[in-house]
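Note sheet for the following structure.
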Amino acid sequence: MSVRLLRTAERLHTPATGTGAGGGGGDAPARVPAAPRRAVVMTMGALHEGHATLIRTARERVGPGGEVVVTVFVNPLQFGAGEDLDRYPRTLDADVELAGRAGADIVLAPSADEVYPGGAPRVRVSAGPMGERLEGASRPGHFDGMLTVVAKLLHLTRPDVALYGQKDAQQLALIRRMSRDLNFGVDIVGVPTVREADGLAMSSRNRYLSPAERRTALALSQALFAGRDRHAAQEALRARAELAPATHARAEALGALGESRAAADAHAVAQVAPGAPAAVRAAAGIVLDAATRLRPPLTLDYLALVDPSDFTEVPDTYTGDAVLAVAARVGTTRLIDNLPLTFGTPASFGGPDTQGAAS
């Protein structure tokens with residue numbers, strides 16, 4: 001697919017024109033054809049298959065007559081002191097080629113002068129309390145910088161829909177909150193994390209990893225999968241316990257289902273918190289703890305099981321949607337990953353209107 005590379009957003013905004021609809025000298029207003037829907041996918045470049053999935057999903061959302069814009073901008077506001085702003089990979093030619101193959105119409109690669117005319121902005125978007133947790137605690141000011149550039153790019157591109165990856169779950173939650181709180185009028189769509197064949201979440205920073213570091217980095221996804229498997233087992237046990245009679249026959253019923261240990265204390269099993277968040281954290285923690293003894297070792301930043309509405313830790317009595325999130329360093333590379341889980345109720349996290357810039 002042919003794709004245009006723009007260095008300025010000005011050419012995105014040619015005025016709509018229309019022709020008069022009627023004859024006969026009536027007073028009916030001119031009918032302006034409906035403009036095609038526009039989708040935007042925001043990136044910092046160094047595109048990979050995860051970004052291509054976002055672009056393909058954007059194309060599906062707006063249809064063949066719509067317009068898909070991919071932005072490429074390495075945002076200095078979201079990098080802290082000592083982070084990888086200077087060495088973040090910049091591969092614009094390859095990015096344009098990949099975006100075109102995936103279905104983009106335009107790649108907008110603005111300069112810092114266009115995004116921040118006059119230098120760093122004096123007025124910025126504040127992420128609030130949610131932006132101070134997890135990633136925000138590890139990278140102070142990161143989410144303020146991220147939301148500021150997302151707001152700027154939404155204004156510059158004026159999309160109907162914007163798509164972001166679920167791998168950056170906290171970023172995604174903050175963009176949804178900003179769009180809702182500040183009335184942006186843009187549909188925010190989340191797209192599931194794309195993984196390598198070995199389970200590692202796709203990220204532009206994966207290219208920093210040596211072969212040995214990559215092997216260690218697999219502990220992030222393996223920990224999440226261990227937590228997910230423990231969650232599934234706990235949910236199955238809870239469902240079985242709920243099916244058992246609430247009488248003396250409970251132990252016999254559970255025993256017949258093969259839950260011999262549960263039958264020893266059937267009432268406790270029936271009352272256990274759905275999915276047992278503590279057990280999920282523990283299962284993931286075992287994998288991460290083992291990875292700290294690898295060579296090279298993994299250095300854990302955080303492991304958290306949080307409510308996706310505010311990114312606070314969930315209690316063991318929790319029911320509903322949750323995010324199991326992890327961040328760690330391997331060598332000089334910092335990686336994040338997460339999985340959505342649901343405790344005791346039908347899943348809603350990750351729906352078509354619930355899901356920042358891909359990294």
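- Remark: R215 pairs with no residue by the side-chain hydrogen bond (donor to acceptor under 3.5 Å, both in side chains) rule, at least two apart or across chains.
- Applying the salt bridge (Lys or Arg N to Asp or Glu O under 4.0 Å) definition to pairs two or more places apart or across chains, those involving residues 276-289 are R281-E313, R281-D316, D289-R293.
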Mind listing the side-chain donor-acceptor pairs of residues 119-131 below 3.5 Å, one per line with the distance, residues two or more places apart or on another chain?
from : atom 1 : to   : atom 2 : distance (Å)
R124 : NE     : P121 : O      : 3.1
S126 : OG     : G128 : N      : 3.3

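- Residues L294 and L220 do not share a hydrophobic cluster, clusters being chains of Ile/Leu/Val/Met/Phe/Trp/Tyr side chains in contact below 4.5 Å.
- For F184, the ring-ring contact (aromatic ring centres under 6.0 Å, His included) partners two or more places apart in sequence, or in a different chain, are H155.
- Legend: residues meeting salt bridge (Lys or Arg N to Asp or Glu O under 4.0 Å) with E213, ordered by chain and number and at least two apart, are absent.
- Listed by chain and residue number, D307 satisfy the side-chain hydrogen bond (donor to acceptor under 3.5 Å, both in side chains) test with S309 (two or more places apart in sequence, or in another chain).
- Residues in residues 279-315 take part in no ring pair (Phe, Tyr, Trp, His ring centres under 6.0 Å) pair, two or more places apart or across chains.
- Residues I55 and V70 have side chains in contact (heavy-atom distance under 4.5 Å, counting atoms from C-beta outward).
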| request: Take D95 and R90 through the test salt bridge (Lys or Arg N to Asp or Glu O under 4.0 Å) and record every step on the way to the result. | output: CA-CA 9 Å; D95 294 344; R90 291 161 171 84; over 6 Å; no

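- By the side-chain hydrogen bond (donor to acceptor under 3.5 Å, both in side chains) test, S111 is found to be paired with no residue, residues two or more places apart in sequence or in another chain being considered.
- Under the salt bridge (Lys or Arg N to Asp or Glu O under 4.0 Å) criterion, E114 pairs with no residue, sequence neighbours left out.
- Residue pairs that meet the salt bridge (Lys or Arg N to Asp or Glu O under 4.0 Å) test with at least one member in residues 328-341, sequence neighbours left out, are E135-R334, R195-D337, D301-R334.
- Shown here are the side-chain contact (heavy atoms from CB on, under 4.5 Å) partners of I286, two or more places apart in sequence or in another chain: there are none.
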| Given N75 and Y116, is the side chain to side chain donor-acceptor pair (under 3.5 Å) satisfied, shown in steps? | CA-CA 10 Å; N75 177 35; Y116 303 123; 2.5 Å; yes

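- Using a 4.5 Å heavy-atom threshold, the side chains of M146 and V150 count as touching.
- Partners of T312 according to the side-chain hydrogen bond (donor to acceptor under 3.5 Å, both in side chains) rule, which considers only residues two or more places apart in sequence or in another chain, are D310.
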| field | Worked verdict on H231 versus F343 for ring-ring contact (aromatic ring centres under 6.0 Å, His included) | value | CA-CA 8 Å; H231 167 265; F343 291 84; 4.7 Å; yes

